Structures are given as structure tokens and as C-alpha cells.
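Written out below as C-alpha cells is the structure these notes cover.
Numbered from 1 within each chain, the chains take letters A, B, ... in sequence-line order. All figures in this text were calculated on a predicted structure; none of them were measured in a lab. Computed over heavy atoms, backbone and side chain alike; hydrogens, waters and symmetry mates excluded.
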2 protein chains.
Amino acid sequence: MKAVERYNSETAREYAMRAITENIISIDLEPGQLISENEIASFLGVSRTPVRESIQELNKAALIEIYPQRGSYVSLIDSKYVEEAVFLRKVLDIAVIEEACNLATEDDIALLEENVALQEFYLKSNNTKKIFELDNEFHRMIYVAAKKEMIHNMRKNVMIHFDRVRTLSMLAVKDTKIVADHGIMLSAIKNKDKNKAKEIVEKHLDRYRVDQEELLRTYPQYFAKE
Amino acid sequence: MKAVERYNSETAREYAMRAITENIISIDLEPGQLISENEIASFLGVSRTPVRESIQELNKAALIEIYPQRGSYVSLIDSKYVEEAVFLRKVLDIAVIEEACNLATEDDIALLEENVALQEFYLKSNNTKKIFELDNEFHRMIYVAAKKEMIHNMRKNVMIHFDRVRTLSMLAVKDTKIVADHGIMLSAIKNKDKNKAKEIVEKHLDRYRVDQEELLRTYPQYFAKE
DNA sequence: ATCCCTTGACTTGTATACAAGATTGTATTA
DNA sequence: TAATACAATCTTGTATACAAGTCAAGGGAT
């Protein structure tokens with residue numbers, strides 16, 4: 001488990017949740033790994049209570065398995081859930097960008113433009129981490145423009161299953177194409193061109209296709225056998 | 001708050017979560033009502049811990065608002081969230097029944113047939129509560145047949161916002177038509193007729209349209225002013 | 001009467017104590 | 001040697017104690 005800096009503004013619970021989630025996505029908490037509420041609590045410098053609440057929540061999202069009085073484990077990567085995440089993203093993103101074409105205000109578009117400009121900036125300096133953050137934020141802003149913020153929160157949780165796979169196959173995605181896609185999405189929204197928007201989203205999602213067979217060969221211990 | 005019987009098999013946490021959620025859906029915990037962790041804990045006969053964990057979870061789902069050191073309230077019905085729920089259900093249910101047409105096994109279909117038979121049975125005796133339960137179960141089984149169980153769990157949580165509205169407008173839905181719809185969905189799945197399936201789902205969802213204007217006049221104190 | 005301050009009874013946030021079950025290593029016994 | 005009983009030590013589940021902040025009521029001073 002890697003250290004995560006604690007913000008001043010956040011409660012112990014929020015900090016624990018964020019730290020554990022980030023570690024799961026980054027595979028610093030490995031799939032299948034045994035975890036202990038006490039260990040994590042002392043590592044993070046908080047008590048068991050906020051850690052426990054976070055673990056319960058991640059258990060609900062099928063990211064941690066709890067065996068009472070025995071122990072808790074980071075869930076193995078289950079291709080069943082990964083496929084559900086991919087399915088959900090595809091169905092929702094297409095429906096939502098269509099709605100964003102209808103509803104996006106000038107303010108929404110201004111924010112999206114600022115985001116894309118930053119993506120282009122960080123693309124030049126090859127700052128993959130920043131691009132990753134801006135990528136997530138870009139898609140969130142589209143949901144907000146479409147007045148679907150609650151749905152986005154839910155999408156984010158489900159997507160963690162896919163995010164882990166993405167972490168393992170780090171280099172599968174070409175940042176250049178991603179950033180270009182975002183520019184096309186933005187102009188489609190500006191022009192209220194729903195068909196163009198849906199078309200580019202579909203193409204965009206296909207770029208994230210990863211070779212699960214290869215990952216399974218490289219990291220067999222991380223995957224659930226069915 | 002109404003009493004909810006505790007099953008032997010469930011933990012205090014599961015019981016608290018189920019009891020509070022049921023009370024929110026049934027409006028026995030009223031929108032806007034002040035709630036106290038201590039009060040609920042003693043009413044349910046458990047300690048603050050499991051109650052607190054449940055409240056945190058419902059807060060994440062935007063069903064309870066927490067003001068630290070001041071108090072917690074059942075969220076007012078916010079038409080923004082109700083509309084997100086309706087949107088989500090429509091987008092997902094249509095995509096999922098299409099997938100169910102592809103993937104449903106004979107076992108899946110057998111279970112659906114049994115469910116529809118029971119719906120017809122309880123329709124004769126006008127048992128609205130049973131129909132409500134079978135309705136939920138019917139849709140869940142379609143998600144399971146389409147291998148989208150995790151997505152269904154998520155859908156269920158979002159739908160609580162709509163379920164509250166449904167509770168208030170109890171009599172708006174004609175059970176007869178609902179049960180008939182389910183029969184048509186089932187035969188569309190059996191025949192792998194995706195277009196027919198999507199068409200009837202769309203028609204089906206329209207039946208749940210409620211007159212929010214009227215509800216707002218009848219229960220103004222339950223609704224969030226924007 | 002009005003303003004201000006204090007006090008006490010609430011709230012949620014967090015830490016800790018205890019309960020109950022699972023597991024493992026060890027010692028004892030057949 | 002092998003099997004079994006037992007104790008120590010884990011685990012999570014639950015209850016409780018304490019911390020810190022909010023708010024309203026009431027008393028006293030102006």
C-alpha cells in the first residue's frame with residue numbers, strides 16, 4: 001500500500017476512502033491481497049472506524065470481499081464485472097452525450113474548452129498522469145452538462161473494475177488519439193450534432209480495448225478463475 | 001418510522017440498512033424529516049455503529065443529508081434526481097433486454113415464466129404488494145439473464161428516488177397492464193425478438209409516468225424548491 | 001426592554017473496548 | 001508417530017466513550 005497525502009479539508013472517513021480506492025485502482029493494493037482494518041488504520045493514522053466504513057462501501061461495490069472473523073481481501077479482477085463496466089460506460093456515455101448536445105450551456109462549453117486546452121498542453125509534455133485526470137474530468141463535465149451528475153457518480157464506482165485493468169495495461173492507450181477525440185466531442189456538442197457525437201464516443205471507447213488474454217498470462221494471480 | 005422485522009440471518013448493519021431504506025421508500029421516514037442516529041439505533045435495538053454506517057451509505061445515494069454536529073435529514077424529493085432515475089432506467093432497461101434476448105438460457109426463461117404466472121395469480125386476488133415485489137424481481141431476473149447483476153444493484157439504488165414518488169402516487173399504475181406487459185416482454189425474449197422487446201419496454205416505462213405537478217400541490221413540504 | 005454571554009443539551013465524528021468466531025501453533029496423549 | 005485438545009492470537013462485528021461543534025434557552029447587565 002502506498003502513502004496518500006491527506007488534505008486538510010477532508011474528514012478521516014473521506015481520506016480513508018480516497019486512499020484505499022486509489023490504492024486499489026493503482027494495484028498498490030493487489031487483487032487477492034489480504035488486508036486488515038487495523039493495519040490500514042495505523043498506516044493511515046486514523047482509527048478503525050473510518051477505515052471500516054470505507055471497506056464496507058468498497059465491499060458493496062464488489063471491490064473487497066469480507067469474510068467475518070477471518071479476514072478481508074481485495075477482490076480478484078473478475079472479467080464478469082469488467083465487462084459490465086464496459087457495457088455500462090458504452091450505453092450511458094452515448095445516451096448522455098446526446099443529452100449534452102441538447103442541454104449544454106455556454107458555460108458548460110467554456111469549461112470543456114478549457115479542459116481540452118489543458119489536455120493539449122500536457123500532451124506536449126507527455127504528462128500522462130495529468131492527462132488521466134483531465135480525461136476523467138472531461139467526461140464528468142459532459143455528464144454535468146447533461147444534468148446527470150448522480151448517474152456519473154454511480155458510473156465512477158462501477159468503472160473502478162475497469163480502471164484496474166487499465167492500470168495493468170498502462171501503455172495500451174495512445175494519449176494523442178484520446179485528446180483528439182475529446183476535441184471532436186466538444187465540437188460536436190457545440191454544433192449540437194448528436195449523430196457525430198455518438199459516433200465519436202463509440203470510436204473513442206473502442207480505443208480502450210485491452211488484450212485481457214495477455215494480461216491474464218502476465219498476471220494470472222490477479223484474475224478470478226471461474 | 002415504522003417497525004421492520006429483523007431476520008435471524010442478517011447482521012445488525014444489514015438490518016439497519018434494510019429498515020431505514022424501506023422506511024424512506026414508504027415515506028414513513030418523511031422527506032425533510034430530522035433523524036437522529038441515537039433515536040434510530042434505540043428504536044431498532046442496535047447501537048449507533050450499524051445505524052451510522054447505513055446513514056453514510058444513504059447519504060452517498062443522496063437520500064440523507066448530513067450536517068456535521070447539527071443533524072441529519074431525509075432528503076427532500078428532488079425532481080432532478082427523479083428525472084435522472086427515470087433516464088437511467090429507460091436507457092438501461094432497453095439496452096439490457098436486448099442483451100437478454102441474446103443471452104437468456106432456458107433456465108432463465110423458466111424462472112421468468114414462473115414469475116409471470118405468479119403475477120397473474122396475485123392479479124386475480126388484487127394483491128398489490130405481491131405484484132410490486134414480483135415486478136421488481138421480474139426486472140432483476142432480466143438483468144441477471146443479461147449478465148448485468150452489478151448494474152442492477154446500482155440501478156436499484158438510483159431508483160429509490162423514483163420509488164418515493166411512486167409511493168406517493170400509489171394508484172397511478174394499473175397492475176393489469178403491467179402484468180400484461182411482462183408477459184409480452186417474456187415472449188419477446190423467448191423469440192429473441194429484440195425490436196419487439198425494446199418497443200414493449202419503452203411502452204411499459206411510460207405507464208409509470210406520474211403527475212408530479214399534482215403531487216407537488218398535495219405534498220408541497222416533501223419537495224425541494226430549486 | 002434589549003443585548004450579550006454562558007451553560008447545557010443536543011448533534012455527528014472518531015477512537016477505543018469488548019464480544020465472538022476462526023485459525024494456527026504447540027503441547028499432550030494415545 | 002500421529003492425532004487431538006487447547007491456548008494464544010488473529011479477524012471482523014458491535015457497543016460505548018469521548019471530542020468537538022451547534023444551537024437555543026435563560027439569566028444578568030446595560
Side-chain angles (χ1 to χ4, degrees), chain A residues 1 3-21 23-24 29-76, chain B residues 1 3-21 23-24 29-76:
Chain A
M1 185 163 183
V4 172
E5 196 186 356
R6 178 165 180 181
Y7 304 141
N8 291 327
S9 58
E10 67 191 349
T11 65
R13 183 176 186 274
E14 289 165 341
Y15 169 57
M17 185 64 198
R18 190 169 60 82
I20 299 171
T21 304
N23 270 277
I24 287 179
L29 282 174
E30 300 181 28
Q33 180 177 342
L34 174 67
I35 57 178
S36 151
E37 293 180 358
N38 273 318
E39 262 183 43
I40 293 179
S42 64
F43 179 81
L44 296 179
V46 300
S47 78
R48 260 187 71 207
T49 305
V51 170
R52 181 182 160 71
E53 288 175 352
S54 305
I55 286 179
Q56 291 292 338
E57 192 174 329
L58 290 164
N59 170 254
K60 273 243 158 186
L63 288 161
I64 287 179
E65 285 170 43
I66 302 174
Y67 300 92
Q69 278 74 48
R70 283 193 288 164
S72 299
Y73 299 82
V74 179
S75 297
L76 290 167
Chain B
M1 186 165 184
V4 172
E5 196 186 356
R6 178 165 180 182
Y7 304 142
N8 292 328
S9 59
E10 67 190 349
T11 65
R13 184 177 184 275
E14 290 165 340
Y15 169 56
M17 184 65 198
R18 190 169 59 82
I20 298 170
T21 305
N23 271 279
I24 288 180
L29 282 174
E30 300 181 27
Q33 178 177 343
L34 174 66
I35 58 179
S36 150
E37 294 180 358
N38 273 319
E39 261 183 46
I40 293 179
S42 64
F43 179 80
L44 296 180
V46 299
S47 79
R48 258 187 74 205
T49 304
V51 170
R52 182 183 158 69
E53 288 174 352
S54 305
I55 286 179
Q56 290 293 337
E57 192 174 328
L58 290 164
N59 170 254
K60 274 241 157 189
L63 287 161
I64 288 179
E65 285 170 43
I66 302 176
Y67 300 92
Q69 279 75 47
R70 285 194 284 162
S72 299
Y73 298 82
V74 179
S75 296
L76 290 167

Report, as a single string ordered 5' to 3', how protein heavy atoms within less than 4.0 Å touch nucleotides 15-23 of chain C: B base, S sugar-phosphate only, - not at all. BBB--BBSS

Could you go over nucleotides 5-8 of chain D and give all protein N or O partners under 3.5 Å, atom names and distances?
none

From OH of B:Tyr15 over to P of D:dT14, roughly how many Å is that when rounded to an integer? 13 Å

Take atom CD1 of A:Ile66 and atom C1' of D:dT14, then tell me their distance rounded to the nearest Å. 14 Å

Report the nucleotide, chosen from D:dT12, C:dG13, C:dT11, that has the shortest atom-to-atom distance to any side-chain atom of B:Asn38. C:dT11

Using whole Å, what does the distance between atom C1' of nucleotide D:dT14 and atom CZ of B:Arg13 come to? 13 Å

Can you tell me if the side-chain N/O atoms of B:Ser72 get under 4.0 Å from OP1 or OP2 in C:dT12? yes

Using side-chain heavy atoms (C-beta onward) and a distance below 4.5 Å, is A:Tyr73 in contact with A:Ile64? no

Rounding to a whole Å, what distance do you find between B:Glu39:CD and C:dT11:P? 7 Å

Where along residues 51-62 of chain B does a heavy atom come under 4.0 Å from DNA chain D, residue by residue in number order? none

Beyond-backbone contact of B:Leu44 with B:Met1, side-chain heavy atoms, under 4.5 angstrom: yes

Taking CD from B:Glu65 and P from C:dT12, how many angstroms apart are they, rounded to a whole number? 14 Å

Give one of base, sugar-phosphate or nothing for A:Leu34, where a contact means two heavy atoms less than 4.0 Å apart. nothing

Output the rounded distance in Å from CD1 (B:Ile64) to P (C:dT12). 10 Å

Determine, for B:Glu57 against B:Arg52, whether the closest basic-nitrogen to carboxylate-oxygen distance falls under 4.0 angstrom. no

